[in-house]
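Scroll down for the structure; my scribbles are underneath it.
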Amino acid sequence: MSNTFRFLWLFSLLLFIVVLPLAKFSPFVFEFTKFIIFYFFSTILLFFTGMYFFKNEKIELPPRKIFLPLLIFLTSYIVASIFSISPLISVIGYFGSFTGGLIYVLFLGVVFYSGFILRNERKLILQTVFLAGLLVSVYGVWQYLNNYSITHQLIFRIYSTIGQHNRLAFYLLAVLPISFFLFWEEKKGLLKTVYGLGLITTLLAFFLTFSRSAYVVLLVISSLIIYNIYKNYNHYNCYKLIFIPFLLGIIIFGFIFAKTIPS
């Protein structure tokens with residue numbers, strides 16, 4: 001693979017990672033704007049993937065523990081689309097947003113595969129995800145503070161540039177482990193501080209979505225991370241780095257949901 005070809009492929013992927021979550025400039029609804037951007041960049045990435053197959057004349061596959069679950073998921077999606085009561089929607093997705101369909105999932109696979117082939121630039125890709133998530137989070141926190149200054153409402157579910165609070169919560173839920181990984185692996189003091197502040201900001205924005213379903217998923221993910229850190233680094237007591245902030249977050253925001261827990 002030539003350096004120019006690889007650079008253009010990587011540049012398209014990084015631009016996609018940044019532009020998609022930040023898109024908030026169209027007079028149309030959020031979903032339509034992101035729909036156009038998603039399929040535009042996915043088509044470009046599909047072109048680079050096809051050229052890669054053509055030049056290398058072979059197909060590289062991710063490790064089995066990653067590839068098999070994805071294959072099972074894709075197969076189930078295909079079967080569900082065939083036997084769906086509305087095959088058209090199952091294939092192209094919901095009208096207006098055109099997400100959730102088989103075509104959308106296939107394009108997601110193309111995006112994932114681009115990241116797999118460009119794995120030598122993994123850290124740069126993760127840093128770009130971190131940066132995009134941080135910008136979304138900063139805008140979301142500003143959104144909350146601006147609303148509070150006007151209405152003095154304690155509970156305001158931010159949606160930032162994503163357009164809907166639950167979608168924002170699950171987007172940030174995908175960014176948080178990456179932010180934590182960069183913070184954990186970084187050895188340089190200045191960068192570690194930047195990653196740490198970014199992680200805290202992203203976590204704060206996540207809590208301000210007030211998404212109970214996302215909170216449950218965070219609890220599960222955090223439990224797994226704590227278990228693995230304790231298992232591998234227990235002599236440093238490193239699990240305290242995430243256990244204590246997470247516990248404080250639950251205590252601070254828990255009382256807000258006390259009245260809504262039964263629902």
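Atom set for the values below is all heavy atoms of this structure, side chains included, hydrogens, waters and symmetry mates excluded. Along the sequence shown, residues carry numbers from 1.
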Which value, rounded to the nearest 0.5 Å, describes the distance between [X] atom [atom1] and [Y] atom [atom2]?
X    : Y    : atom1 : atom2 : answer
L8   : F11  : CG    : CZ    : 8.5 Å
I117 : F48  : CD1   : CZ    : 14.0 Å
F41  : S114 : CZ    : OG    : 12.5 Å
S211 : L218 : OG    : CG    : 10.5 Å
S2   : F7   : OG    : CZ    : 12.0 Å
I37  : F40  : CD1   : CZ    : 9.5 Å

- Task: Check whether the ring centres of Y52 and F5 lie less than 6.0 Å apart, and answer yes or no.
- Result: no
- Message: For the aromatic rings, using the six-membered ring if either is Trp, is the centroid distance between Y139 and W142 under 6.0 Å?
- Response: yes
- Message: Pair N166, R157 - check side-chain contact (heavy atoms from CB on, under 4.5 Å), show working.
- Response: CA-CA 9 Å; N166 288 322; R157 305 186 70 179; 3.2 Å; yes
- Query: ring pair (Phe, Tyr, Trp, His ring centres under 6.0 Å) between Y195 and F180: does it pass, once the steps are laid out?
  - Reply: CA-CA 8 Å; Y195 290 142; F180 178 77; over 10 Å; no
Can you name the side chain to side chain donor-acceptor pair (under 3.5 Å) partners of [X], sequence neighbours left out?
X    : answer
R119 : E60
T4   : none
Y144 : none

- Would Y148 and F156 satisfy ring pair (Phe, Tyr, Trp, His ring centres under 6.0 Å), going step by step from the backbone distance to the final call? CA-CA 8 Å; Y148 181 79; F156 173 71; over 10 Å; no
Does the [X] side chain pair with the main chain of [Y], one donor and one acceptor, at a distance under 3.5 Å?
X    : Y    : result
Q143 : Y159 : yes
R167 : I162 : no
T202 : L134 : no
Y215 : F207 : yes

- Task: Give the C-alpha distance, both sets of side-chain angles, the deciding distance and a yes or no for side-chain contact (heavy atoms from CB on, under 4.5 Å) between L168 and F206.
- Result: CA-CA 8 Å; L168 172 63; F206 171 79; over 6 Å; no
- Got F210 and H165 here, is their nearest side-chain heavy-atom distance under 4.5 Å? no
- Item | ring pair (Phe, Tyr, Trp, His ring centres under 6.0 Å) against F53, all qualifying residues, sequence neighbours excluded | Y113
- Message: Using side-chain contact (heavy atoms from CB on, under 4.5 Å), reason through L172 and S137 one step at a time and then give a plain yes or no.
- Response: CA-CA 8 Å; L172 296 178; S137 300; 3.4 Å; yes
Write down the atom of [X], the atom of [Y], and the distance for their closest heavy-atom approach.
X    : Y    : result
F116 : P63  : CE1-CD, 4.3 Å
L45  : S12  : CD2-CB, 4.0 Å
L14  : L124 : CD1-CD2, 3.8 Å
L22  : V136 : CD2-CG2, 3.7 Å

- Task: Could you please spell out the steps behind the side-chain contact (heavy atoms from CB on, under 4.5 Å) verdict for S42 and V111?
- Result: CA-CA 7 Å; S42 296; V111 175; 4.0 Å; yes
Show me the side-chain donor-acceptor pairs of residues 73-81 shorter than 3.5 Å, one per line, residues at least two apart or across chains.
residue, atom, partner, partner atom, Å
T75, OG1, L71, O, 2.7
S76, OG, I72, O, 3.4
S76, OG, F73, O, 2.6
Y77, OH, G100, O, 2.5
S81, OG, Y77, O, 2.8

- Task: Sort and list the pairs that fulfil salt bridge (Lys or Arg N to Asp or Glu O under 4.0 Å) and have at least one residue in residues 122-142, not counting sequence neighbours.
- Result: K123-E186
